[in-house]
Protein chains: 2
Amino acid sequence: MLSPAHLAFAAALLLVLRLPAQAVSARPIVAGKPAPSDAAGTARWLAAQNTWGVLSTISSELSGAPFGNVVSYSDGVPGEGYGIPYFYLTTLDPTARDALEDERTSFTLSEFPLGTCGKIDPENPTCAKLTLTGKLKIVDLRSSEADLAKSALFTKHPEMKDWPRNHHFQIFKLEIENIFLIDWFGGPKPISPSEYLEYGRNQGSLKLS
Amino acid sequence: MLSPAHLAFAAALLLVLRLPAQAVSARPIVAGKPAPSDAAGTARWLAAQNTWGVLSTISSELSGAPFGNVVSYSDGVPGEGYGIPYFYLTTLDPTARDALEDERTSFTLSEFPLGTCGKIDPENPTCAKLTLTGKLKIVDLRSSEADLAKSALFTKHPEMKDWPRNHHFQIFKLEIENIFLIDWFGGPKPISPSEYLEYGRNQGSLKLS
């Protein structure tokens, strides 16, 4: 009978044989990161592993120009991500003000800050990048979702719970409508929001971090 | 006579005395990073130190939604940044296609991936964040600016010069019209594009990396 190590080696070999030579030499497969062919898994891994990204809104103060802002987020407690990014924002900042006027928003993550791209350039398609586009909504503080979101945010960002009360931080979430993932040569991978959100549902809680 | 070390200590002490107690305890001043009160210097330091960021456009394919994309950039050869971000983009990617239809673009950088924020949260205002908003323009390959931009890009991103010719990469630059910088408590710092671009001009070439 084959051991798990044999099976892992055979799987890696099959993967290598499926890929063009250029791709294989450009980027080794990183342990822990899903295979590039597993697009939904890679997107969920990026969302689970990162702790910050860039939230882009339509700027009400800059005549409708796109405005990207650095924000922290969480899609679940460490080791248990659900894919929906939650944010802790104040209307003292333009991003929350913009979203309250026009909900259209995108949220962008890179694999590069995770350190798993090695010497590959951040723009190289094998250094994965994810853009979730949709609507940024306030989460009702009295809902059970707000409890989950608070726990997700405050475990990954402990200082948030001490941020000034008079700044009136609120929990927002991105309702995902479109997913743009580059994780290999050959252009963006088509993933539907339901494929992304339901990924791993049959495997109990998803361990991607 | 006072030695340079004495002067540096006195300057640091003066800086500390000017800041509220909460700010001082929250974040030490990082060596190499300009003081938070030096807003234009901090913005230029972020642009010189980072190698990638998020470029946000108005998406033509997503009905005008804002679309943030991870890109590499350079504002000069290492150690000599000029503040203007140059990019190497292909219309195989939506960002360049968007910009050719609507030039309005923002480019967002964080101090967090530089490692100088320590344990401070990426959204904490003392972990600096910069958004440059303006127009994304193609740089004419026959211009002397193109030579400067190529040298800036290819020294910081050596693999770019080997990227596939049939992808028709072009050099773009952001013509900056608005600057949003958070580098401390108290809201965004007002910096004009000319203050940002002319920073350090009287000191010869600017050494910010």
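Chain A is the first sequence line, chain B the second, and so forth, proteins listed ahead of strands; every chain is numbered from 1.
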Under 3.5 Å, is there a donor-acceptor pair between the side chain of [X] and the main chain of [Y]?
X: A/Ser110; Y: B/Val70; answer: no
X: A/Glu123; Y: B/Val71; answer: no
X: A/Arg104; Y: B/Ser63; answer: yes
X: B/Ser56; Y: A/Ser56; answer: no

Test log, rule side chain to side chain contact (heavy atoms under 4.5 Å, CB included), inputs A/Phe180 and B/Asn69: CA-CA 9 Å; A/Phe180 174 87; B/Asn69 204 355; 3.8 Å; yes

Residue pair A/Pro122 / B/Thr51, side-chain heavy-atom distance below 4.5 Å: yes

Side-chain heavy-atom pair A/Pro164, B/Phe185 within 4.5 angstrom cut-off: no

Contact class of B/Leu92 relative to chain A, heavy atoms under 4.5 angstrom: neither

Chain A contact via B/Leu109 - which portion, at a heavy-atom distance below 4.5 Å: backbone

For chain B, the option from A/Ser59, A/Gly64, A/Gly187, A/Pro188 that forms the most heavy-atom pairs under 4.5 Å: A/Gly64

Selection from A/Gly115, A/Ala65, A/Gly53, A/Gly134 maximising heavy-atom pairs under 4.5 Å formed with chain B: A/Ala65

Can you tell which part of [X] gets under 4.5 Å to a heavy atom of chain B, answering side chain, backbone, both or neither?
X: A/Phe112; result: side chain
X: A/Pro94; result: side chain
X: A/Asn178; result: side chain
X: A/Leu132; result: neither
X: A/Asp93; result: side chain

Test log, rule side chain to side chain contact (heavy atoms under 4.5 Å, CB included), inputs A/Asp121 and B/Trp163: CA-CA 11 Å; A/Asp121 193 81; B/Trp163 285 357; 3.9 Å; yes

From B/Thr133, B/Leu55, B/Ile58, residue fulfilling side-chain contact (heavy atoms from CB on, under 4.5 Å) relative to A/Pro66: B/Ile58

Heavy-atom pair with the smallest gap, counting every atom of B/Phe67 and A/Ser106: CA-OG, 3.6 Å

Distance in Å, B/Ile120 CD1 paired with A/Glu159 CD, rounded so as to fall on 0.5 Å steps: 5.5 Å

